Amino acid sequence: MKHSKPFSLELTDRVLRVTAFGVWTLVDAREYVRQMRLLVQPVINSDWACILDARLWKMSPAEVFSLLRDNTLWCYQRKLMYAVTLLPDDKMLQWQFIKTTEMEKPEGFVSRLAEDDLAAYALLRAAGYIN
């Protein structure tokens, strides 16, 4: 049985779009980190932004979270300065997201929540990350 990835990644200009769905295993999280770090190489020398669409994400094992926390820190250290998140309508999943991003942020870092794609892209356009 073929195992499809529970995420998609797209880099446009200085904006990384991450769509997370389903349950992530440790293998999935490692592959996400590997692919994401390769994809953002062209933008890590200047400020960049991220849209994280987690509306279809599901509860994942605790072992995934230390890896995701480490990756979040890696992003901050490489000039991720603006993040827009679309969260699932589930309090436990929202709590898991908070736990993966709960750390000291770089000075000037902006984090916003959006209801949908239009709102997310409008925020990034207003912040100058999208023309």
Side-chain angles (χ1 to χ4, degrees):
M1 182 172 155
K2 186 176 189 275
H3 180 1
S4 63
K5 301 180 297 193
F7 62 86
S8 67
L9 300 167
E10 179 184 342
L11 183 67
T12 305
D13 299 321
R14 297 181 299 137
V15 177
L16 173 68
R17 181 180 175 89
V18 177
T19 304
F21 45 91
V23 175
W24 285 28
T25 65
L26 192 53
V27 170
D28 296 323
R30 285 183 181 139
E31 184 61 13
Y32 161 74
V33 168
R34 187 188 71 74
Q35 287 186 27
M36 188 277 308
R37 289 182 182 188
L38 283 172
L39 187 62
V40 299
Q41 285 303 310
V43 297
I44 61 174
N45 291 320
S46 62
D47 292 358
W48 55 285
C50 178
I51 296 174
L52 172 59
D53 184 349
R55 293 175 290 184
L56 298 177
W57 189 52
K58 301 293 181 202
M59 190 72 70
S60 296
E63 62 194 11
V64 167
F65 296 106
S66 65
L67 185 60
L68 294 179
R69 282 180 56 82
D70 288 346
N71 192 60
T72 299
L73 181 60
W74 184 92
C75 290
Y76 292 156
Q77 292 169 340
R78 284 151 186 87
K79 300 187 179 186
L80 174 64
M81 293 303 295
Y82 203 107
V84 180
T85 307
L86 295 98
L87 287 173
D89 189 24
D90 179 306
K91 296 296 181 201
M92 184 57 84
L93 294 175
Q94 292 173 11
W95 177 82
Q96 278 197 333
F97 170 77
I98 289 167
K99 288 297 172 191
T100 63
T101 59
E102 195 173 58
M103 65 190 66
E104 188 173 335
K105 316 283 192 280
E107 186 174 332
F109 179 80
V110 176
S111 178
R112 298 283 185 256
L113 296 177
E115 292 291 320
D116 56 32
D117 289 338
L118 285 175
Y121 284 103
L123 287 167
L124 290 175
R125 206 170 354 278
Y129 287 95
I130 298 174
N131 296 325

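In what follows, residues are counted from 1 in the order of the sequence shown. This structure is a prediction, so every number in the text was calculated from the model and none was measured.
- Taking hydrophobic clusters as Ile, Leu, Val, Met, Phe, Trp and Tyr residues chained together by side-chain heavy-atom distances below 4.5 Å, W74 does not share a cluster with L38.
- Hydrophobic clustering (ILVMFWY, side-chain heavy atoms < 4.5 Å, transitive): W48 and Y76 are in one cluster.
- To the nearest 0.5 Å, atoms CD (Q94) and CG (D89) are separated by 6.5 Å.
- Under a hydrophobic clustering in which Ile, Leu, Val, Met, Phe, Trp and Tyr are joined whenever their side-chain heavy atoms come within less than 4.5 Å, directly or via other members, I130 and L118 fall into different clusters.
- One hydrophobic cluster, built from ILVMFWY side chains closer than 4.5 Å, holds both L39 and V43.
- Separation of atoms CZ (R112) and CD1 (I51) is listed at 14.0 Å; rounding is to 0.5 Å.
- Minimum interatomic distance between W24 and P61 (heavy atoms only, all atoms of both residues): O-CD, 3.0 Å.
- Of the inter-residue distances, the one linking N71 atom CG with T101 atom OG1 reads 12.5 Å to the nearest 0.5 angstrom.
- Each of V27, V64, L68, L67 was compared with Y32 under the side chain to side chain contact (heavy atoms under 4.5 Å, CB included) criterion, and only L68 meets it.
- Few gaps surround CD on Q41; more than 12 heavy atoms of other groups in view lie less than 6.0 Å from it.
- The distance from the CG atom of N131 to the OG1 atom of T12 is 11.5 Å, given to the nearest 0.5 Å.
- The neighbour count for M103 CE, taken as heavy atoms of other residues, nucleotides or ligands under 6.0 Å away, is above 12.
- The nearest pair of heavy atoms linking K79 to N45 is NZ-O, 3.2 Å.
- Contact check on R14 versus D47 returns no salt bridge, with no Lys/Arg side-chain nitrogen under 4.0 Å from an Asp/Glu carboxylate oxygen.
- In this structure, W95 is a member of the same hydrophobic cluster as W57, with clusters built from ILVMFWY side-chain heavy atoms closer than 4.5 Å.
- With a 6.0 Å radius and a threshold of 12 heavy atoms from other residues, nucleotides or ligands, E104 has its CD atom at or below the threshold.
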(request) Walk me through it: do R55 and L93 pass the test side-chain contact (heavy atoms from CB on, under 4.5 Å)? (result) CA-CA 9 Å; R55 293 175 290 184; L93 294 175; over 6 Å; no

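- In this structure, CG on L26 lies 4.5 Å from CD on E63, to the nearest 0.5 angstrom.
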(request) Please report the C-alpha distance between R37 and I44 in whole Å, then the side-chain angles of each, then the deciding distance to 0.1 Å, and finally whether the side-chain contact (heavy atoms from CB on, under 4.5 Å) criterion is met. (result) CA-CA 9 Å; R37 289 182 182 188; I44 61 174; over 6 Å; no

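- Pairing each heavy atom of F7 with each of D28, the nearest pair is CE2-O, 3.8 Å.
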(request) Applying side-chain contact (heavy atoms from CB on, under 4.5 Å), run through Y129 and L123 and close with a yes or a no. (result) CA-CA 9 Å; Y129 287 95; L123 287 167; over 6 Å; no

(message) Under the criterion side-chain contact (heavy atoms from CB on, under 4.5 Å), I'd like the reasoning laid out for D53 against D117: C-alpha separation, chi angles, the key distance, then a yes or no.
(response) CA-CA 8 Å; D53 184 349; D117 289 338; 4.2 Å; yes

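- To the nearest 0.5 Å, atoms OG (S8) and CD (Q35) are separated by 10.0 Å.
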